[in-house]
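Just below is one structure, and these are the notes that go with it.
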2 protein chains.
Amino acid sequence: MISTNEILPESYASYRREVEAELKRIIGSKPSALYDMLRYHLGWQDAPRHARGKRSGKFTRPVLCLLSCQAVGGNTSQILPAAASLELIHNFSLIHDDIEDASCERHHRPTVWKLWGQPQAINAGDSMFALAYLALLKLREKGIAETKVMRAIQVLGEACLELCEGQYLDIAYEARGDVTTEDYLRMITKKTAALMAASTSIGACLVTEDEGIVSCLHEFGKSLGLAYQIHDDILGIWGAEEKIGKSVKSDISQKKKTLPVVYGLENSRGKDKQRLEKLYSQESIEGESVTEVVEILNRSGARGYAQDLEQQYYHQALTKLEATGLDPSRRVPLSEAARFLMECDY
Amino acid sequence: MISTNEILPESYASYRREVEAELKRIIGSKPSALYDMLRYHLGWQDAPRHARGKRSGKFTRPVLCLLSCQAVGGNTSQILPAAASLELIHNFSLIHDDIEDASCERHHRPTVWKLWGQPQAINAGDSMFALAYLALLKLREKGIAETKVMRAIQVLGEACLELCEGQYLDIAYEARGDVTTEDYLRMITKKTAALMAASTSIGACLVTEDEGIVSCLHEFGKSLGLAYQIHDDILGIWGAEEKIGKSVKSDISQKKKTLPVVYGLENSRGKDKQRLEKLYSQESIEGESVTEVVEILNRSGARGYAQDLEQQYYHQALTKLEATGLDPSRRVPLSEAARFLMECDY
């Protein structure tokens, strides 16, 4: 696997810096202790008695938003608050997800609820949610027309609602033994792809009035989101622990119905099928049982199936990008970013 | 205490019906099981194995919003989505508060987290938050100008952030022994008064461009919110359990730093002071210790102090209402609503 720094386009890196600067303008200097939780989560400051992590987020969604803006000929610095807003929504959902999944670590550091307790962590997520909408309103000061700002609020709001619906399914599936790949795809379409689609769509609709292009970029983000989630599912079972920043097998021990697991439960045969069903009917999966699950999944061909489906969605995304009819030179940064996400190993 | 039905102005009752109808248009028929949690919380449907409660919410915030709109000469049916949005924000915060406080009952029924578990309850609150913003966007279809809709989104967003800041303080105060009445007032200004102020302010700013009137109605809502919270604190210690719908003494057993308690800790003397401090340094306060706290508070004069302060803020609210310069006949529905809230015993 190529190191991320080698393949990272230069514009991608500079966008990340700009998004981080915008986020710092939004929550960087707020004095209340409430915002210490947000700054800690974003990797900007230490928690009492805990060292600062080395890395902050990948800013996947804001960068896609800015690249989409650039592709349609927009001025990216004008829509930075929208890019920041997408990152805030993503992080609000991470803070709440960590509570919901009882995850103790993220990026090699204790999660917010682990340090401040669940009540304050719920509250920290809520405040990030509120900040995301306030950030969008800042677009007015950047000279974006009100009609366009309203459109962005609408797209973001609908994506947030889908995110909650997807999260509902994700949690509900943990207790269900009969989840199909179709169920799984419905879940990740809402939980992951909706916000990715909102990112590329907002980047475009704040600039152009060409609904055809906006719609193609929306679909590009959606397909890319599906590929990205499947990629993440694969890493969650077969990735390298030190890169992901959390226990690799936590998806398995939490009985998450990720694509390889859903495929394995549907397609393994005989003793393997019985054993896998038995393991997934337990309260949780621990120790050697985790290794056993991976072995059964290996035998079922789940990894190859998931990789094929990831590639399908990735190519679907590229097709949608082409369908925008934009000049190839305008599309390259977005297709490069998509390739980067598919090659990313954390 | 007068029965609420006797003093309830007719317009107030009809506004409640209209707000409920608008809320049902927003979330009434959504098929996903996620929305069952919201409908259950709002009192519209049963949970599996649990009977439906007899009452739904008081709709205090939406009604204040509509009365404020009416006071400045607006058409209330045009701004119903804004009124509904305020109720959604209030309820999102209740669902999350119940998790944060580990409260098992609300309105004589099990809380959402108690029935569906914490993860799905966090998610239910989040989806209500998302719906609130989408509701505001519906104002465009009602013919409200975009500039005004944006203003409402700004006011609501700022109030949500204040609400989180207030909630942060509320939780943080539980562990602190040195909370002053000044600290307490800062907390409820954010936690309760900000959303009440947003309610009266949004009702007005969607209609009039007279910033002086909007500002006075904002201040009216804020002072009324302070009085309302103090009223609620008093009921939380000396109210009748069957009317409030939760264990009367839960504020005490959870060591909530409500006004009477903060006053008692600051102003009791000798043995009473020592005993109160000792009780509030424990992990929780149970059984006979709760009764003991109430007795000490009675002796400290906390009830009278709180009632006086409630009255002060109530009269401050009425002064702000008068300062709008609106015709007395236009102000009466708002002052009647304020009086109703102060006489309300649940």
Side-chain angles (χ1 to χ4, degrees), chain A residues 30 32-37 89 92-93 95-97 99-102 116-140 145-147 149-151 153-154 156-172 174-175 190, chain B residues 30 32-37 89 92-93 95-97 99-102 116-140 145-147 149-151 153-154 156-172 174-175 190:
Chain A
K30 286 190 181 268
S32 152
L34 167 65
Y35 301 98
D36 283 338
M37 290 190 277
I89 290 295
F92 128 75
S93 81
I95 293 174
H96 281 187
D97 274 18
I99 306 169
E100 293 163 14
D101 294 342
W116 279 273
Q118 289 193 8
Q120 290 295 25
I122 293 172
N123 201 32
D126 292 343
S127 58
M128 226 163 207
F129 200 166
L131 283 168
Y133 283 94
L134 289 173
L136 277 184
L137 294 173
K138 286 181 69 187
L139 289 167
R140 289 175 299 177
E146 285 182 341
T147 307
V149 180
M150 300 275 274
R151 167 83 176 264
I153 296 174
Q154 181 91 38
L156 188 78
E158 283 166 5
C160 288
L161 201 56
E162 282 205 83
L163 205 155
C164 295
E165 290 172 358
Q167 182 67 357
Y168 178 88
L169 296 176
D170 196 16
I171 299 170
E174 282 170 42
K190 289 172 175 287
Chain B
K30 287 191 181 268
S32 152
L34 167 64
Y35 301 98
D36 283 337
M37 290 190 279
I89 290 295
F92 127 74
S93 81
I95 293 175
H96 281 187
D97 274 20
I99 306 169
E100 293 163 15
D101 294 342
W116 279 273
Q118 289 192 8
Q120 289 295 24
I122 293 172
N123 201 33
D126 292 343
S127 58
M128 226 164 208
F129 201 166
L131 283 168
Y133 283 95
L134 289 174
L136 277 184
L137 295 173
K138 286 180 71 187
L139 288 168
R140 289 176 299 178
E146 286 182 341
T147 307
V149 179
M150 300 274 275
R151 166 83 176 266
I153 296 174
Q154 181 91 39
L156 189 78
E158 284 165 7
C160 287
L161 201 55
E162 283 205 82
L163 204 155
C164 294
E165 290 172 357
Q167 182 67 359
Y168 178 88
L169 296 176
D170 196 16
I171 299 170
E174 282 170 42
K190 289 173 176 286

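Just so it is clear, the values below take in all heavy atoms, side chains as well, and ignore hydrogens, waters and symmetry mates. Residue numbering restarts at 1 for every chain, and letters A, B, ... go by the order of the sequence lines.
Going from atom CE of Met150(A) over to atom OG1 of Thr147(B) covers 9.0 Å, rounded to the nearest 0.5 Å. Put simply, CG on Leu137(B) and CZ on Arg151(A) are 12.5 Å apart, with the number rounded to the nearest 0.5 Å. Distance check, rounded to the nearest 0.5 Å: CD1 of Ile171(B) to CH2 of Trp116(A) gives 13.5 Å. The CD1 atom of Ile99(B) sits 11.5 Å away from the CG atom of Asn123(A) when rounded to the nearest 0.5 Å. Atom CD of Gln154(B) is separated from atom CG of Leu136(A) by 11.0 Å, given to the nearest 0.5 angstrom. The distance from atom OG of Ser32(A) to atom NZ of Lys190(B), rounded to the nearest 0.5 Å, is 7.0 Å.
For Phe92(B), the ring-ring contact (aromatic ring centres under 6.0 Å, His included) partners two or more places apart in sequence, or in a different chain, are His96(B), Phe129(B).
Contacts between Ala33(A) and chain B at a heavy-atom distance below 4.5 Å involve backbone atoms as well as side-chain atoms. For Leu161(B), the parts lying under 4.5 angstrom from a heavy atom of chain A are both the backbone and the side chain. Contact of Ser93(B) with chain A is not made at all, since no heavy-atom distance falls under 4.5 Å. Within the 4.5 angstrom heavy-atom criterion, no atom of Ala102(B) approaches chain A. Residue contact with chain B, scored on non-hydrogen atoms closer than 4.5 Å, involves the side chain of Leu134(A) exclusively. Contacts of Ala124(B) with chain A are absent, with no heavy-atom separation under 4.5 Å from either backbone or side chain. There is no contact between Met128(B) and chain A, counting heavy-atom distances below 4.5 Å.
For the residue pair Gln120(B) and Tyr168(A), the shortest heavy atom distance occurs at NE2-O, 3.0 Å. Pairing each heavy atom of Gly157(B) with each of Ala130(A), the nearest pair is O-CB, 4.3 Å.
The only member of Gln118(B), Glu100(B), Gln167(B) that meets side chain to side chain contact (heavy atoms under 4.5 Å, CB included) when paired with Ile122(A) is Glu100(B).
Annotation: maximal heavy-atom pairing with chain A below 4.5 Å, among Leu163(B), Ile153(B), Leu156(B), Leu169(B), occurs at Ile153(B).
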